[in-house]
Amino acid sequence: MSEALANLLNETRQFPPPAELAAHANVTVDAYAEADADRLAFWAKQADRLAWSKKWDEVLDWSNPPFAKWFVGGQLNVAYNCLDRHVEAGRGDKVAIHWEGEPGDTRTITYADLHELTCRAANALTDLGVTAGDRVAIYLPMIPEAAVAMLACARIGAAHSVVFGGFSADSLSNRIQDASAKVVITADGGYRRGKPSALKPTVDEAVANCPSVEHVLVVRRTGEEVAWSEKDLWWHETVETASAEHTAQPFDAEHPLFILYTSGTTARPKGILHTTGGYLTQASYTTHAVFDLKPETDVYWCTADIGWVTGHSYIVYGPLSNGATQVMYEGTPDTPHKGRFWEIVDRYGVSILYTAPTLIRTMMKWGEDIPAGFDLSSLRLLGSVGEPINPEAWMWYRQHVGRGELPVVDTWWQTETGSIMISPLPGVTAAKPGSAMAPLPGIVADVVDDQGQSVPNGGGGYLVLREPWPSMLRTIWGDDNRFIETYWSRFEGMYFAGDGAKKDDDGHIWLLGRVDDVMLVSGHNISTTEVESALVSHPSVAEAAVVGATDPTTGQAIVAFAIPRGSTDIAGEAGEQLIADLRNHVSKTLGPIAKPRQIMLVPELPKTRSGKIMRRLLRDVAENRSLGDVTTLQDSSVMELISSGMSGAK
Ligand code: ATP
Ligand code: MG
C-alpha cells in the first residue's frame, strides 16, 4: 500500500445487545476502564481465573522485545486446568463433549471420562519415551481422541503440532520434519462426505521421510484395512490399556505448549510457537468474555477443525478450561443433507454457535428455507471468525439463524495472536454488521499509515498491535529471524498483522483483508473486501472474490468472481444481464472507481482447507498466468472450472 486505503463502504446499521443478555453478561463495560487503568494488573486478574501450582513473580518481562515472557516464574499444568480441577470440584459427571460422527454415531463424554482418557494417553506417551520438551504430531479426524491427544501432550509437557487431516503427505512430512516430532498420532481414517476417508496411508508416506519419528499411534475409527509397520501401535491396545492414574506435573509458564503451522494462505507455512501460562490465560478469558459462556447452562459449539488455531483455542483450551459443555462434529455440513448443522443445533440445544463466514455464505447460497426447517430457539449468541464477514452475510446470519435478535460477534485474530483480539463484547457493544468493532479489554490495537502514524477516524491503513498480549506467539519455531522480520520489522515497536483495516467515524475497526490483496486502481488503494461486500449485498449473489489484474490504463483493474444464490437464473442472456446489473450495483454502492472491469459467474471459489478464499490463484487466472502453488487448495478441480470458464468471459 503506497498510501492509505480508500474508505468506500458506508454501513450505518447498528444493533445493541439484547437487554436480558446485557443484564447478566459475564463482562461489562467496566472491563475496558479497568484494563486501561492498569493493563498488566488486568491480565494478572484474568490469570487468577486459572489454577497455578506456583504464582508468578512478574506479569510481563518485555526487556528483550519482541521476545515476551508472561507470568514469569509461575507454574501450572494446562490439562489440570482443563480437566482435574473440574473433576475435583465435583463436576466430573458434567458432559464435556457431545460428539457426533458424520454417519450419525454419537458419544457422550463427561469431564471424568475425558480426564481418565487423557491420563491413560499421558501414561502411554510416557511409556513410548515422550518426555517434556519433545514434539508430537497429531493428524486426526474430528473425533474425541483429537482433544485427548492434545491434552495428554499438554499434561506431560510435550508440545503438540496438530496438522489438519486434509493436508497431503508432503505437507505433513514437512511439518513433522520442521518440528522433529518423535511420535505421530493418527487414525485409520475419518468420515467425510458420506464415506470413509483414509488418513493412515498419508501418514505412512509422510513418515517414510521422517527419521525423527519413533512411533505412530493409530486410532481405529473407520475399521478400513491399513498397512502396518513396526513403528505402528493401535491406540486401543496402547492407550486404552494404560493406567488411568496420572498426576499432572506443573510446567513453567513459558514452557512450549504447541506449534501450529499457519494455513499457508499467503506463503510458506510458519511454525507458530505458543507457550503455557499466557496462552491459557487469554484463551480462557476470551471464551468467558466474548461468548459470555455460562458453563452451567450453555451448550457451546465451535464448528472449526482442531487442525486450525480456532480448534485449539475455542474447542480445546478455552471451553474446557471454563468447564463448558460442547458439541463436536466430525463431518461436512451437507452430509447427508444441507440441514445437518441446524439439526445438530436442534438436537443438543446449542446456545452459542461459533462458525466462519465461508459457511455462512454457503448457507446463504443454499437458501434460508433450510435453517427455517429446524428449531433454533436454543441459540442465544452467534460468532464468526476467519475472514472479514460481509455486512449482508452478517445480516443473513442474524436474521435466519439468530431470529433477527441475537448478537453476532465478529472476532478478529490469527494463529499468531493465539486468542481473540478485536471483537464486540456481546453484553456491551452495539455491533455494526461487518465490523469487529474494538480491541478487547487489555489489547492495544491501532490502524496506522505507511509511516506508522495512527490514522484519524475515517482513515484506512495497516492493522497493528501496539502492546504485547498474553497469548502472543513467542517465535517461529526454529527461526527467530523470520519471526522478527515478518511481524516486527515493518513498524518500529509494533506487531504488524498483515491485514488492512479502517477506522470508521466512530473509531470502530473494519478489517479489509490482507495487505497483499489490496488493489491499486487509478492511484487509489481499494480493498477487495469492500468490493466483495458490495457484490454480496446484491440479492442474487451469495459469495464473491475480487482481485486486481494488471491493466494498461488503470494500473490494476478490478476483476470479480461471483457465486449466484440458490435459484438465480444465469443461463444465456439472464447471466449477461446479471453481470451488467452487478457492475452497476457496485458502482452505485461504492462509487465508479470500484466498478469491476469484468465479472465472472462461477459455481465455486478456490479456498484453502480452512475455507478462506485464495485470491492469488484468481489473480493468476485474471492475468492469464499459469497457476502458482495449489497444494493448500481444498478442491483443485475448482480452478479448472474457473480457468475454462474464463476464456468465455468478457
Ligand atoms: P497464512 O498466514 O499462512 O497466510 P492465514 O493467515 O490464513 O494463513 P490464520 O492465522 O488462520 O491463517 O488466519 C488469520 C487471518 O484470517 C487474519 O490475519 C485475517 O486475515 C483473517 N481473519 C480472521 N478473522 C477475521 C475477522 N473476523 N475479520 C477479518 N479477517 C479475519
Ligand atoms: Mg496469516
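Whatever order the structure lists ligands and atoms in, that order sets their numbers, starting from 1. All values below were derived from every heavy atom in this structure, side-chain atoms included, with hydrogens, water molecules and symmetry-related copies excluded.
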Should Trp308 be listed as contacting ligand 1, given a heavy-atom distance under 4.0 Å as the test?
no

Check ring pair (Phe, Tyr, Trp, His ring centres under 6.0 Å) between Trp396 and all other residues, then give those that pass, not counting sequence neighbours.
His400

Parallel, tilted or perpendicular, as decided by the 30° and 60° cut-offs, for the rings of Tyr285 and His288
tilted

Is there a heavy atom of Gly386 sitting under 4.0 angstrom from any atom of ligand 1?
yes

To the nearest 0.5 Å, tell me how far Met142 CE sits from Thr303 OG1.
8.5 Å

Could you grab the distance from atom OH of Tyr279 to atom CD of Glu254, nearest 0.5 Å is fine?
14.0 Å

Give the ring-plane orientation class for His160 versus His312, where under 30° counts as parallel, over 60° as perpendicular and anything between as tilted.
tilted

What atoms of ligand 1 come within less than 4.0 Å of a heavy atom belonging to Asp499?
17 (C), 18 (O), 19 (C), 20 (O)

Between Ile315 and Gln326, is the side chain to side chain contact (heavy atoms under 4.5 Å, CB included) condition met? List the steps.
CA-CA 8 Å; Ile315 293 178; Gln326 69 178 318; 3.7 Å; yes

For residues 454-467, which residue pairs pass the salt bridge (charged side-chain N to carboxylate O under 4.0 Å, His left out) check, not counting sequence neighbours?
Arg39-Glu467, Asp446-Arg466

Compute the shortest N/O to N/O distance between Ser384 and ligand 1 and return yes if it is under 3.5 Å, no if not.
no

Side chains of Ser454 and Lys503: do they bring a donor and an acceptor to under 3.5 Å?
yes

One residue to check: Thr608. Relative to ligand 1, which of side chain, backbone, both or neither has a non-hydrogen atom less than 4.0 Å away?
neither

To check you understand the geometry: which heavy-atom pair defines the closest contact between Ile272 and Leu473, and what is its length?
CG2-CB, 3.5 Å

Just to check, does Tyr261 reach to within less than 4.0 Å of ligand 1 when the distance is taken from its heavy atoms?
no

Note: Thr262, heavy atoms under 4.0 Å from ligand 1, region reported as both

Taking 4.0 Å as the limit for heavy-atom contacts, which would you say applies to Glu387 with ligand 1: side chain only, backbone only, both, or neither?
backbone

Is ligand 1 under 4.0 Å from a heavy atom in the side chain of Leu511, in the backbone, in both, or in neither?
side chain

By number and element, which atoms of ligand 1 are closer than 4.0 Å to a non-hydrogen atom of Thr411?
24 (N), 25 (C), 26 (C), 27 (N)

On a heavy-atom basis, I'd like to know which of Met421, Arg514, Glu416, Lys270 is closest to atom 6 (O) of ligand 1.
Arg514

Just jot down the ligand 1 atoms closer than 4.0 angstrom to any heavy atom of Pro388, in number order.
28 (N), 29 (C), 30 (N)

Trp413 and ligand 1 - part of the residue with a heavy-atom distance under 4.0 Å
backbone

